[in-house]
> 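Below: one structure in structure tokens.
Residue numbering restarts at 1 for every chain, and letters A, B, ... go by the order of the sequence lines.
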2 protein chains.
Amino acid sequence: MVSIKDIAKKAGVSISTVSYALNGSSKVTDETCARILAIAKELDYTPNAAARTLKKRQTKIIGVFLTDFSGPFYGLLLQGIKEGLDRQGYEVIVCSGEQSHRFLPERMIDGAIVLDAAFSDKELLQHADRGHKIVVLDRELVHPNINQVLLDNKAGATLAAEHALDLGYRKLYVVTGPQASYDANKRLQAVKQVMDRVPDAEYTEIEGNFSKSSGEKAAERILQEYREPSAVLCLNDEMAIGVYNTVMQSEYRIGEHIHIIGFDNIELSAYMTPRLATIDYSKHKWGALAAEQLLKIISGEAVENERIYVTLVPGESIQLNERP
Amino acid sequence: MVSIKDIAKKAGVSISTVSYALNGSSKVTDETCARILAIAKELDYTPNAAARTLKKRQTKIIGVFLTDFSGPFYGLLLQGIKEGLDRQGYEVIVCSGEQSHRFLPERMIDGAIVLDAAFSDKELLQHADRGHKIVVLDRELVHPNINQVLLDNKAGATLAAEHALDLGYRKLYVVTGPQASYDANKRLQAVKQVMDRVPDAEYTEIEGNFSKSSGEKAAERILQEYREPSAVLCLNDEMAIGVYNTVMQSEYRIGEHIHIIGFDNIELSAYMTPRLATIDYSKHKWGALAAEQLLKIISGEAVENERIYVTLVPGESIQLNERP
DNA sequence: TTGTACGCGTTATCAA
DNA sequence: TTGATAACGCGTACAA
């Protein structure tokens, strides 16, 4: 590998001169600078990131930590993050799995954006204590080095539940999410709150884990118990799609016997016929805001926690209860 | 930050002893080793990746370069890559955009898996010339440091075209992909070859770019020209879905007037009603094989280029031509 | 076990 | 003002 030492030798100057020239410092004559750059190009020089990092103590890389690589809305979220960071010369890398957590303490990255329930609060706080900067998208953590950008789950779940009530349903099913999921818990809590306010409303919780197959399972039970048109609130769209699938294969029809509403408005949901009613929010904005907040805490600015607003997307998957 | 120097001081030993102890070398007494580890834990020591990399000249990180973060089959592909690399102690990072290309020459990563037409052949060959190890999934490049793991596009497109012919269609539309896409070109070429072999078959090319919207545009033209049931070969599923959308909103019906077959078998295609006929292949295996090949070339083993096999997934989106 | 050279770029200090 | 010397960051591995 060719290093600045090689360039210095060939140019007959010291390595520091080479370093200054490469970094466009004004400490070197334009002439010398040009000559050095020419030699660098000729020798096909590329800097060594490890050496630079060792001295500068920053990498200009931000790590995004996801539970897995296949989430249906990660694309837009990451796009938002990337756009937010690009402008400041930061690079994004996407990581998954516990092994990759080492990037933070080992200083391979200047900061982290976390959307992964498998990353424990305790570990995050430890990292933050050591001075690492983190933005979390899936929990509440109070620490000067941590900022939160959270979905307004409460508003979303409230919209969904009230939509079902408005349409005349009084017996609802709620297909829940994983125990460990912050979003799932917040959503469930909000649904409970709405239901508690309406005296004649009842709801049945069915355990789910945000996966399509857990939605399918939930649907089996719902179909077995079927007596009258009922509404199913799925705490995310993937489970809603699972419910969809199973109902589709039964004698019952969606939007007539079984009424469904989801959460997240993933791309797929727009393709369901009848269209899946769901809760929408801008994944792109979520990412962009996370990036912005992270850059701010890295640069030492004080920041407020942020919230992403949500809206109801109506769909034919849930329609007026004709015999309420 | 606490470094091995701090540990050495506290333990009253030299830094080299600390290094050996931390790396589990047999050159240190078990007792000393234990003491050092205890102190390391107490001081909350974490190694510095930059320093280690500088010396060892490897990072144990593999970079995957994608055009963007939102491809509909990236999830499974990345899962396959990750599983292939995990076992060998390698970490995966996912990168997108030209800026991130620097990771390779700057030695932030030990190797790259590339599925991004925006990464030019020239640049890849340059990196390979400098000794960097690369597996490409979307082009043919001959270089000792580069290996290919390619889809069998020819077989896939041939299957699709023959399926349409078998069902009695003699006038086909082909919605093409981006000029720069290797896969798109191979697929188109294979379709041409099949059509050329059948004397009474004709086909019309409609330019597409693998995006849903280009499929929608293609469909507009197809609908305008509609005279009799016709088959549309889309060189990927996203465009097929675009065609689907537009046809759905017209007076024509899919699988009756307009018959569609796609390529890739993305998750979404299973949800279309009628089901989209398409060409399937294992994205997971594709990734796993890419990982395996990369590890082999990194370790200096000779490797053969690999190919991923494909199968036809029938669907009601293309049915027997009843008046051939 | 330990001293120390090394990997490579950055930057403060000092000399011309 | 221009450029050279040298310390530094941190872990590794060889020689002693």
> When you get a sec, tell me which of C:dT10, C:dG9, D:dC10 is the closest nucleotide to the side chain of A:Lys56?
C:dT10
> Within the 4.0 Å heavy-atom criterion, would you say A:Val18 contacts the bases, only the backbone, or no part of the nucleic acid?
nothing
> Between B:Leu22 and A:Val13, who's closer to the 5' end of DNA chain D by nearest nucleotide?
A:Val13
> State the CD-CD1 distance between A:Gln88 and A:Ile62, to the nearest 0.5 angstrom.
10.5 Å
> Taking the side chain of A:Thr17 as heavy atoms from C-beta outward, which of D:dC10, D:dA4, D:dT12 is closest to it?
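Closest of the options to the side chain of A:Thr17: D:dA4.
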> For a quick check of understanding: with a heavy-atom distance under 4.0 Å over all strands, which category does B:Lys5 fall into, base, sugar-phosphate or nothing?
nothing
> What is the separation between atom CZ on A:Arg107 and atom P on D:dC10, rounded to the nearest whole Å?
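Spelled out: CZ on A:Arg107 to P on D:dC10 is 9 Å.
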> Identify the two heavy atoms, one from A:Pro178 and one from A:Ala184, that lie closest to each other, and give their separation to 0.1 Å.
O-CB, 3.9 Å
> Mind checking the CG-CG spacing from B:Asp138 to B:Asp121? Nearest 0.5 Å is all I need.
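These two atoms lie 8.5 Å from each other.
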> Checking contacts here: which listed nucleotide (D:dG11, C:dT1, C:dT10) is nearest the side-chain heavy atoms of A:Arg52?
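Of the candidates, C:dT10 comes closest.
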> Could you tell me whether B:Ser16 contacts a base, only the sugar-phosphate backbone, or nothing, with contacts defined as non-hydrogen atoms closer than 4.0 Å?
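Base: the residue B:Ser16, judged by heavy atoms under 4.0 Å, touches a nucleobase.
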> With respect to the side chain of B:Ser14, which nucleotide from D:dA4, C:dT2, C:dT10 is positioned closest?
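Among the listed nucleotides, the one closest to the side chain of B:Ser14 is C:dT2.
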> Quick one: does B:Thr59's side chain have a donor or acceptor within less than 3.5 Å of a partner on B:Met108's backbone?
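Yes, B:Thr59 side chain to B:Met108 backbone: donor-acceptor pair under 3.5 Å.
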> What is the nucleic acid contact for B:Ser19, judged by heavy atoms within less than 4.0 Å: base, sugar-phosphate only, or nothing?
base
> Counting only side-chain heavy atoms from C-beta out, which of C:dT11, C:dT10, C:dC8 sits nearest to A:Tyr20?
C:dT11
